[in-house]
There are 2 protein chains.
Amino acid sequence: MKEVMAVPWPKIADAVVRRLVIYLRVLDREARAQERTISSYQLAQKTGVSPALVRKDLAWFGEFGTRGVGYDVAYLRDQLHKILRLEQEVRAVLVGAGSLGIALTRYNVRRYADDPTFNVRIVALFDTDPGKIGLMIDGIEIFPLRLLGEKVPELGATMGIITVPAYAAQQVADELVKAGIEGIVNFAPTPIHVPPRVALQTADLSLEMQYLAYIMMSRREEREEASGR
Amino acid sequence: MKEVMAVPWPKIADAVVRRLVIYLRVLDREARAQERTISSYQLAQKTGVSPALVRKDLAWFGEFGTRGVGYDVAYLRDQLHKILRLEQEVRAVLVGAGSLGIALTRYNVRRYADDPTFNVRIVALFDTDPGKIGLMIDGIEIFPLRLLGEKVPELGATMGIITVPAYAAQQVADELVKAGIEGIVNFAPTPIHVPPRVALQTADLSLEMQYLAYIMMSRREEREEASGR
DNA sequence: TAGATTGTTAATCGATTAACAATC
DNA sequence: TAGATTGTTAATCGATTAACAATC
């Protein structure tokens, strides 16, 4: 008989969690398309990972599949939903109502309404520009930054999203931490420091582009090597 | 005597390249602040990686430092600039002039003008909405999507940026590939498939948020375990 | 039953860290 | 010289792949 564990699921590697989110999206789409079962090969093909890795990722949490058949789409979707705690809404405040901040907000409002696998909800925006205070973006109000410490607990926000210029990012991060935020997504193109109890995720859009540019350049050189000389 | 290599630098792991970009940004900032030298410890601290890894990453390309002293800030900056091929501008077209596309364009125009370590330049936008055609975003024109195949070679664009809704992403990717694009950044929240000769980078903003939400949730549970029971 | 596909183990691969001799 | 810090090697760690027995 297996020992009853204190923690419902094992602590899972970062990379695995990211893939689970991607699997779930595909499963959700397949379920809408009335698909009943899906094999690790099909799921792998649709998500761009290997079949063996799909099976290994899923096996961390139990035996979800049927040998010779595959995985039941709806069942696996529901299980991943549970594993990823998607029934729990996570409320976020966004600091920096510039064009990126507003774009993210618009996107978030639509996404939260449309996609049952998406559980992050932006509930307030903050900015220092007096001209922006009080404006509504798709129903979400822009508050002055000085109200951050008061609004965060009032709204029950636990996530902070930083979309201010690089020079202001660290200061905003400090204020989010002071306000009691548990996790931060940083869209500013600069590393920020937060205490270890605060989870930090960097989403540096320009980094992705520069990185891709580098890969393109080195591939081009390879091709030139191969053909030219 | 060492053999002269056909390729100027070794082929370098993905993760290393990403860190080099981050080192470079810090070095650029330090150089502006008149810093002369920087140790692997300092560079590590400012970028959030370990000192040993900083040294190992840099050692791939030669001996840039001085034992007992550290790295010359300006020299290392210039070397990384060369390694990352930043003297070469990479021109990009962006498809999907919605709020995210417009935000990225604004951001890109400013960044390209201000930051000498940034070499990706958006040169045209594309959309299918007739109401948007002909509009200018910070000096960049919005063209109808059907002109993509003609404009890409005309403008010398080699990178494509996808900011359309998920359902349209694959079709847009196909058209970018047909137009001769060498690399794609996909901001749509769905995996896309491209031929192996095309470099692909996924920048799924909602994935970052969901992933952070998961981490926050599991940490919270850990804390509750630790204290509560 | 035969064919298909999972769950799982062992092998491989790659990336990071630790340690330290070299040397400024 | 003594102290500091690099460049580099070996050890460790972790993640992915390959392979296959289990089993539907």
Side-chain angles (χ1 to χ4, degrees), chain A residues 2 9-23 26-27 30 35-77 79-80 83 191 211 214-215 218, chain B residues 2 9-23 26-27 30 35-77 79-80 83 191 211 214-215 218:
Chain A
K2 282 183 191 166
W9 313 108
K11 228 160 288 165
I12 237 44
D14 293 5
V16 176
V17 178
R18 291 173 159 272
R19 287 193 298 267
L20 293 181
V21 175
I22 297 174
Y23 300 153
V26 169
L27 289 164
E30 296 299 306
E35 291 295 328
R36 290 298 166 79
T37 63
I38 193 167
S39 70
S40 59
Y41 290 83
Q42 294 171 305
L43 194 47
Q45 203 280 326
K46 288 178 199 297
T47 55
V49 308
S50 77
L53 191 51
V54 168
R55 294 200 298 275
K56 197 152 209 310
D57 285 345
L58 297 177
W60 284 104
F61 304 96
E63 306 197 358
F64 296 142
T66 308
R67 289 161 200 234
V69 178
Y71 300 91
D72 182 284
V73 172
Y75 177 71
L76 185 55
R77 177 199 59 192
Q79 289 299 309
L80 290 181
I83 291 166
Y211 174 57
Y214 176 82
I215 295 172
S218 50
Chain B
K2 281 185 193 167
W9 313 107
K11 228 161 289 166
I12 235 47
D14 293 5
V16 176
V17 177
R18 291 172 158 271
R19 287 192 298 265
L20 293 181
V21 175
I22 297 173
Y23 300 154
V26 169
L27 289 165
E30 295 299 306
E35 291 295 328
R36 289 299 165 80
T37 63
I38 193 167
S39 69
S40 59
Y41 289 83
Q42 293 172 304
L43 194 46
Q45 203 278 326
K46 288 178 198 295
T47 55
V49 307
S50 76
L53 192 50
V54 168
R55 295 200 297 278
K56 194 150 211 306
D57 285 344
L58 297 176
W60 284 103
F61 304 96
E63 306 198 358
F64 297 142
T66 308
R67 287 160 202 238
V69 178
Y71 301 92
D72 183 284
V73 172
Y75 177 71
L76 185 55
R77 176 198 59 191
Q79 290 299 310
L80 290 182
I83 291 166
Y211 174 58
Y214 176 82
I215 295 170
S218 49

Atom [atom1] of [X] and atom [atom2] of [N]: how far apart are they, to the nearest Å?
X: A:Leu53; N: C:dA10; atom1: CG; atom2: P; answer: 19 Å
X: A:Arg55; N: D:dA21; atom1: CZ; atom2: P; answer: 14 Å
X: A:Gln79; N: C:dG7; atom1: CD; atom2: C1'; answer: 16 Å
X: A:Leu20; N: D:dA15; atom1: CG; atom2: P; answer: 13 Å
X: B:Asp57; N: C:dT16; atom1: CG; atom2: P; answer: 7 Å
X: B:Phe64; N: D:dT8; atom1: CZ; atom2: C1'; answer: 15 Å
X: A:Lys56; N: D:dA18; atom1: NZ; atom2: C1'; answer: 12 Å
X: A:Glu63; N: C:dT9; atom1: CD; atom2: P; answer: 11 Å

How many angstroms lie between [atom1] in [X] and [atom2] in [Y], if you round to the nearest 0.5 Å?
X: A:Ile38; Y: A:Leu76; atom1: CD1; atom2: CG; answer: 8.5 Å
X: A:Tyr23; Y: A:Thr47; atom1: OH; atom2: OG1; answer: 5.5 Å
X: B:Glu35; Y: B:Asp72; atom1: CD; atom2: CG; answer: 11.5 Å
X: B:Ile83; Y: A:Ser218; atom1: CD1; atom2: OG; answer: 12.5 Å
X: A:Tyr211; Y: B:Leu20; atom1: OH; atom2: CG; answer: 11.0 Å

Watson-Crick/G-U partner (both atom distances under 3.5 Å) of C:dT12: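 Per the H-bond distance test, D:dA15.
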Base paired to C:dT5 (Watson-Crick or G-U; both N/O distances under 3.5 angstrom):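 Across all strands, the one nucleotide that pairs with C:dT5 is D:dA22.
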B:Phe64 versus B:Tyr75, closest heavy-atom pair with distance: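 Looking at all heavy atoms of both residues, the shortest contact is CD2-CE2, 4.0 Å.
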Any B:Ser50 side-chain N or O less than 4.0 Å from OP1/OP2 of C:dT16: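 For C:dT16, neither OP1 nor OP2 has a side-chain N or O of B:Ser50 closer than 4.0 Å.
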B:Ser40 vs D:dT6: side-chain N/O to OP1/OP2 distance below 4.0 Å: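 For D:dT6, OP1/OP2 do have a side-chain N/O of B:Ser40 under 4.0 Å.
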Any donor-acceptor N/O pair, A:Thr66 side chain to A:Val69 backbone, under 3.5 Å: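 Between the backbone of A:Val69 and the side chain of A:Thr66 there is no qualifying donor-acceptor contact (under 3.5 Å).
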Closest listed nucleotide, where the reference is the side chain of B:Ala13 and the choices are D:dT17, C:dA15, D:dT6: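 Per side-chain heavy atoms of B:Ala13, the pick is C:dA15.
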Most 5' of B:Ala52 and A:Asp14 on DNA chain D, judged by nearest nucleotide: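 With B:Ala52 and A:Asp14 compared, the 5'-side residue is B:Ala52.
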Members of residues 66-77 of chain A that approach DNA chain C, where some heavy atom sits under 4.0 Å away: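 A:Thr66, A:Arg67, A:Gly68, A:Val69, A:Gly70, A:Tyr71, in order of number.
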